[in-house]
Amino acid sequence: MSKGLPKRSEDYSLWYNELVKKAGLAENSAVRGCMVIKPYGFAIWEKMQQSLDKMFKDTGHENAYFPLFVPKSLFEAEEKNAEGFAKECAIVTHYRLKNDPDKQGKLMVDPNAKLEEELIVRPTSEAVIWNTYKNWIQSYRDLPLLINQWANVVRWEMRTRLFLRTAEFLWQEGHTAHATKQEAIDETKQMLEVYAEFAENMMALPVVKGVKTESERFAGAEDTYCIEGLMQDGKALQAGTSHFLGQNFAQAFDVKFADKEGKLEHVWGTSWGVSTRLMGALIMTHSDDNGLVLPPKLAPIQVVIVPIYKGEEGLAKVTEKVNELKKQLTSNGISVKYDNRDAFRPGAKFAEWELKGVPLRIAVGERDLENGTVEISRRDIEDRKEAKKIVNMDNVLEEVQGLLNDIQDNLHTKALNFRVENTREVNSYEEFKEVLESKSGFISAHWDGTAETEEKIKQETKATIRCIPFDSKLEEGTCIYSGKPSKQRVLFAKAY
RNA sequence: CGGGGUGUGGCGUAGUCCGGUAGCGCACUCGGCUGGGGGUCGAGGGGUCGCAGGUUCGAAUCCUGUCACCCCGACCA
């Protein structure tokens with residue numbers, strides 16, 4: 001383990017990359033743009049999955065699995081969707097390799113094994129799924145159809161970053177079909193609420209809920225709702241999206257149902273997804289210059305216990321006590337790691353578990369055994385002295401339970417304060433540019449509602465409209481760019 | 001795809017200009033002392049110098065080609 005992480009204030013993106021690697025979350029692979037998610041990182045993702053999966057099931061959804069490949073003819077059926085993803089598709093054209101006659105021991109694509117129809121590696125699964133739904137839906141009695149799948153998708157990105165943008169990523173995609181427009185819209189909103197609740201409660205990530213503008217909308221959707229978070233460097237990150245698809249896919253794939261009167265109608269659709277990008281959001285929201293900071297609810301290890309001892313007998317004595325503590329904590333649903341590796345001294349272990357973001361560390365030494373105490377240190381306080389306190393051995397369980405709750409709340413509060421402090425209303429384009437340059441963050445400003453203005457602002461400042469927040473009040477104003485009338489403020493930011 | 005840069009033990013690098021058979025730090029292995037914030041001493045193991053050609057008595061170093069990665073742009077969850 002090499003020492004030292006770059007400072008956030010000096011080079012935020014270097015800090016992020018190094019942190020991801022050094023904390024053992026993920027690393028680059030032999031495959032261009034694709035990452036290896038390491039066990040510790042995957043354990044966090046699994047906790048996210050478990051929690052989201054339960055929320056999906058609780059709202060009536062079932063899991064299923066659809067193919068990785070999409071025949072080109074299916075893919076292009078919904079034109080806007082196909083067009084939107086066309087530029088970033090991986091395509092399978094052949095199904096066989098053979099020995100290269102010119103190069104000993106090398107393989108080549110067998111030109112005789114060309115597929116009659118190319119297969120697109122799914123960048124998203126609407127096409128296959130709606131093609132399937134056609135067969136599943138005949139009557140209003142088949143509706144609503146509420147399906148989710150956990151899968152990998154591929155989008156051939158030019159520039160990639162661990163978790164934030166990789167060519168292959170893991171996600172879940174929900175795809176539902178409904179008898180009425182209103183029901184589909186309600187579903188779209190409900191799932192956005194699920195995402196928001198997950199982000200706030202589990203990830204301690206405060207998010208803004210809103211609607212995307214037309215140019216930021218999902219290709220093939222009528223409306224895209226989103227949750228947006230603000231990272232510590234003042235850039236916004238889209239953490240989840242939920243789409244009202246109207247009847248676009250139903251029409252493209254001829255998915256009709258007979259209503260109670262026996263009349264045939266197209267169904268109404270939604271889709272919604274969150275990806276391993278959430279890992280990036282989690283990392284960038286809470287972590288500090290000492291390393292990762294994980295909210296207790298998603299931490300694979302909530303408490304690490306480090307023994308402090310001299311000699312084998314010392315370790316044996318401490319271990320005896322630690323085993324009691326560990327049993328007590330574990331039986332109360334707390335995940336505990338006892339780091340009894342003899343090869344490292346306590347200081348090195350402290351640093352390592354800090355880097356890995358374990359919420360609580362308990363140090364138990366021979367001195368503690370005499371005094372009947374332990375030292376508990378919380379990860380969410382950056383100052384190492386302030387983070388520590390000495391606790392009576394008998395109170396460890398309730399202390400730990402209390403502290404874990406405290407940390408979860410504190411992380412959320414800190415992140416929320418940061419967002420509030422970094423959300424600014426501006427009323428002129430000058431001010432807009434000034435804020436963007438000096439402070440970044442969310443900027444709440446009036447916009448005339450046209451794609452042209454949005455595009456101009458994007459070109460000139462790199463800031464985009466993240467969303468039109470649901471809670472944006474109606475108020476008369478003038479567009480900061482064009483001076484035309486506007487009825488409400490929208491949220492701008494530079495984004496990941 | 002344009003512009004810039006880098007490929008040398010697991011990681012980070014020196015050496016490349018000016019060719020002479022690869023060095024350092026971290027990590028690793030073994031042993032000792034140590035142990036309340038990244039210990040220390042000693043002994044050891046590990047490298048087709050991205051890949052393929054070429055020049056040369058001799059190539060990490062020079063030449064040609066090629067691949068990969070990083071940064072900056074154009075595109076994006």
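The sequence lines fix the lettering, A, B, ..., with proteins before strands; numbering per chain opens at 1. Because the structure is a prediction, the values reported are computed rather than measured.
A heavy-atom distance below 4.5 Å is not found between the side chains of Tyr225(A) and Thr270(A).
The pair Glu382(A)-Arg8(A) meets the salt-bridge criterion, since a charged nitrogen lies less than 4.0 angstrom from a carboxylate oxygen. The existence of a salt bridge linking Glu228(A) and Lys212(A) is confirmed by a sub-4.0 Å separation between a basic side-chain nitrogen and an acidic carboxylate oxygen. Under 4.0 Å is where a charged nitrogen must lie from a carboxylate oxygen, and between Asp288(A) and Arg379(A) at least one such pair does. With respect to Asp406(A) and Arg378(A), a salt bridge is recorded, a charged nitrogen being found less than 4.0 Å from a carboxylate O.
Distance, Lys212(A) NZ to A77(B) C1': 9 Å, rounded to whole Å. Here C75(B) presents its P atom at 19 Å from CG of Leu164(A), a figure rounded to the nearest Å. With rounding to whole Å, Asp383(A) atom CG is found 15 Å from G37(B) atom P. Atom NZ in Lys38(A) sits about 11 Å away from atom C1' in G10(B), given to the nearest Å. In this structure, Ile376(A) places its CD1 atom 20 Å from P of G36(B), rounding to the nearest Å. To the nearest angstrom, C1' of G35(B) lies 14 Å from CG of Asp339(A).
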Might you list the N or O atoms of the protein lying below 3.5 Å from N or O atoms in nucleotides 40-45 of chain B, with each pair's distance?
none

Considering only nitrogen or oxygen atoms on both sides, find all protein atoms under 3.5 Å from nucleotides 70-72 of chain B and state each distance.
{"residue": "C72(B)", "atom": "OP2", "partner": "Arg159(A)", "partner atom": "NH1", "Å": "3.4"}
{"residue": "C72(B)", "atom": "OP2", "partner": "Arg159(A)", "partner atom": "NH2", "Å": "2.1"}

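Two residues, Tyr496(A) and Lys310(A), neighbour RNA chain B, and the one matched to the more 5' nucleotide by heavy-atom proximity is Lys310(A). Residue whose closest nucleotide on RNA chain B sits further toward the 5' end, between Arg367(A) and Phe85(A): Arg367(A).
Asn371(A) comes within 4.0 angstrom of nothing in the nucleic acid, heavy atoms only. Backbone-only engagement by Gln238(A) is indicated by non-hydrogen atom pairs under 4.0 Å involving sugar-phosphate atoms exclusively. Counting non-hydrogen atoms under 4.0 angstrom, Gly311(A) reaches a base of the nucleic acid. Phe218(A) comes within 4.0 angstrom of nothing in the nucleic acid, heavy atoms only. In this structure, Leu237(A) reaches neither bases nor backbone, as no heavy-atom distance under 4.0 Å exists between it and the strands shown.
Base pairing of U16(B) is not made with any nucleotide, judged by Watson-Crick or G-U wobble geometry with both donor-acceptor distances under 3.5 Å. Both distances falling under 3.5 Å, in either a Watson-Crick or a G-U wobble arrangement, place C33(B) opposite G39(B). A68(B) and U6(B) make up a base pair, with Watson-Crick or G-U wobble contacts both under 3.5 Å. Using the Watson-Crick or G-U wobble rule with both distances under 3.5 Å, C28(B) pairs with G44(B). Checking U55(B) for Watson-Crick or G-U wobble geometry (two distances, each under 3.5 Å) identifies no partner in any strand.
Between the base of C76(B) and the side chain of Arg165(A) there is a donor-acceptor pair shorter than 3.5 Å. Not a single donor-acceptor contact under 3.5 angstrom links the side-chain atoms of Asn290(A) to the base of G38(B). With hydrogens and angles ignored, no donor-acceptor pair under 3.5 angstrom links the side chain of Glu366(A) to the base of G36(B). Residue Arg361(A) places a side-chain atom within donor-acceptor reach of the base of G37(B), judged by atom type and a 3.5 Å distance cut-off alone.
Comparing the same atom, C1', in G10(B) and in G65(B) gives a spacing of 30 Å after rounding to whole Å. Going from the P atom of G12(B) to that of U56(B) covers 37 Å, rounded to whole Å. The same atom, C1', is picked in C67(B) and in A52(B); the two are 10 Å apart, to the nearest Å. Nucleotides G4(B) and A43(B), compared at atom P, are 49 Å apart to the nearest Å. Rounded to whole Å, the C1' atom of A14(B) lies 22 Å from the corresponding atom of G45(B).
The aromatic ring centroids of Phe432(A) and Tyr481(A) lie 6.0 Å or more from each other.
If you check the side chains of Ser125(A) and Gln149(A), you find a donor sitting under 3.5 Å from an acceptor. No side-chain donor from either of Glu46(A) and Gln50(A) sits under 3.5 Å from a side-chain acceptor of the other. Side-chain atoms of Thr188(A) and Ser242(A) include no donor-acceptor pair closer than 3.5 Å. Checking Thr319(A) against Tyr338(A) by side-chain atom types alone, a donor-acceptor pair falls below 3.5 Å.
Among the nucleotides C76(B), G39(B), C75(B), the one closest to the side chain of Glu88(A) is C76(B). Of the candidate nucleotides G36(B), A77(B), C76(B), C76(B) has the atom nearest to the side chain of Lys458(A).
Both tests pass for Arg361(A) against the ring of Phe350(A): distance under 6.0 Å to the centre and angle within 45° of the axis.
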